[in-house]
Amino acid sequence: MKLGAIEAGGTKFVCGIADENGSVLERVSFSTETPEITLQKVYDFFKDKGVEAIGVGSFGPIDPNPNSETYGYITKTPKKYWSDFNLIGELQKNLNVPLAFDTDVNGAALGEATWGAAKGLKNCLYLTVGTGIGGGALVSGKLVHGMLHPEMGHIIVKRHPEDIYEGKCPFHKDCFEGLASGPAIEERWGTKAYELPVDHKAWELEAYYIAQALVNYILIVSPEKIVLGGGVMKQLQLFPLIRKNIKEILNNYVQTKEILENIDEYIVSPKLGDNAGLLGGIALALKI
Ligand code: ADP
Ligand code: ZN
């Protein structure tokens, strides 16, 4: 079976084809421009490819509710040209196959649970820490939507006592994303995040914020595994710092093996690497 995936990102789009076992057969990527230019490249890629369904994982906020009038839309986004854009409606006009639609992070959570770091688990959480921060959650085998979809990046965290940076979120200033996204790190320290040395204070603050957020997610949805992706998480020194902070904050309150004994296998990197988003789309397509 040939399935298609579209990873619709604010910076780049990735299109690909894989089989039902998650083997990627082909992929392309191009930068996100206006919808007209970008979607034409999507149509060109899928033309005559013979895929049976396509899963679309998109940057948000989106409307993933099939019963809503604005189902398939990218809703209010600061991203120029894409606010209130009927993504699925436009794609459906040109791609004559069933389309699945969800947030990029819900897709990634499902992809990791199907073939990756959370393989076989029915409860897992995927968080990306990159240009923005967003999370997807699989709970009892189902992706969480509810009223809209989770917006895990915009939760409130306690400020680090030494942090005087005002925060970068255009809505809340110092929410989790406002304090811990890649651009927040870069504005706070006045340098590219990847150029900061591994022992820089930046990573202590970063781990402090990420750990607080993860503690909240652990206490609310009780995932069996947490997968941390996105550009900032390429700083692997963050992982032990985050795990240590989580243990300190929880203070033996959650008495599970995952946290008390195996936290190294509980908070992990994505296993699908650069194909995480793409295989997320394929996993969404498989569910149709
Ligand atoms: P996006 O969120 O746009 O899909 P990424 O997840 O790659 O893309 O996030 C990009 C952001 O992550 C950049 O703005 C930068 O701040 C940060 N970043 C990217 N690579 C690294 C790195 N190696 N180390 C630390 N931060 C990084
Ligand atoms: Zn915010």
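Each residue takes its place number in the sequence, starting with 1. Counting convention: from 1, in listed order, for ligands and their atoms alike.
Using a 4.0 Å cut-off between a side-chain N of Lys or Arg and a carboxylate O of Asp or Glu, K76 and D84 qualify as a salt bridge. Under a 4.0 Å N-O distance rule, the pair E186/K192 qualifies as a salt bridge.
Partner D174 forms a salt bridge (charged side-chain N to carboxylate O under 4.0 Å, His left out) with one of K168, R159, K158 and no other, that one being R159.
Listed by chain and residue number, R243 satisfy the salt bridge (charged side-chain N to carboxylate O under 4.0 Å, His left out) test with D264 (two or more places apart in sequence, or in another chain).
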With side chain to side chain contact (heavy atoms under 4.5 Å, CB included) as the criterion, how do Y43 and L91 come out once you've worked through the C-alpha distance, each side chain's angles and the decisive distance to 0.1 Å? CA-CA 8 Å; Y43 306 144; L91 290 171; 4.0 Å; yes
Check against side-chain hydrogen bond (donor to acceptor under 3.5 Å, both in side chains), N216 and Q212: CA-CA 6 Å; N216 286 323; Q212 286 186 60; 5.9 Å; no
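Pairs passing the salt bridge (Lys or Arg N to Asp or Glu O under 4.0 Å) check and including a residue from residues 201-224, sequence neighbours excluded, read E162-K201, K201-E204.
A donor atom on one side chain and an acceptor atom on the other are not found under 3.5 Å apart for E90 and N94.
Of all protein atoms, those of element N, O or S that lie under 2.8 Å from the Zn ion (ligand 2) number 4.
For the atom pair M1 CE and E52 CD, the distance stands at 5.5 Å (nearest 0.5 Å).
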In a simple table, one pair per line, please give the protein and ligand 1 atom names for every N or O pair closer than 3.5 Å, along with the distance.
from     : atom 1 : to   : atom 2 : distance (Å)
ligand 1 : 2 (O)  : T131 : N      : 2.9
ligand 1 : 2 (O)  : T131 : OG1    : 3.3
ligand 1 : 3 (O)  : T11  : OG1    : 3.3
ligand 1 : 3 (O)  : T131 : OG1    : 2.6
ligand 1 : 6 (O)  : G231 : N      : 2.8
ligand 1 : 9 (O)  : T131 : N      : 3.3
ligand 1 : 16 (O) : E186 : OE2    : 2.9
ligand 1 : 24 (N) : Q235 : NE2    : 2.7

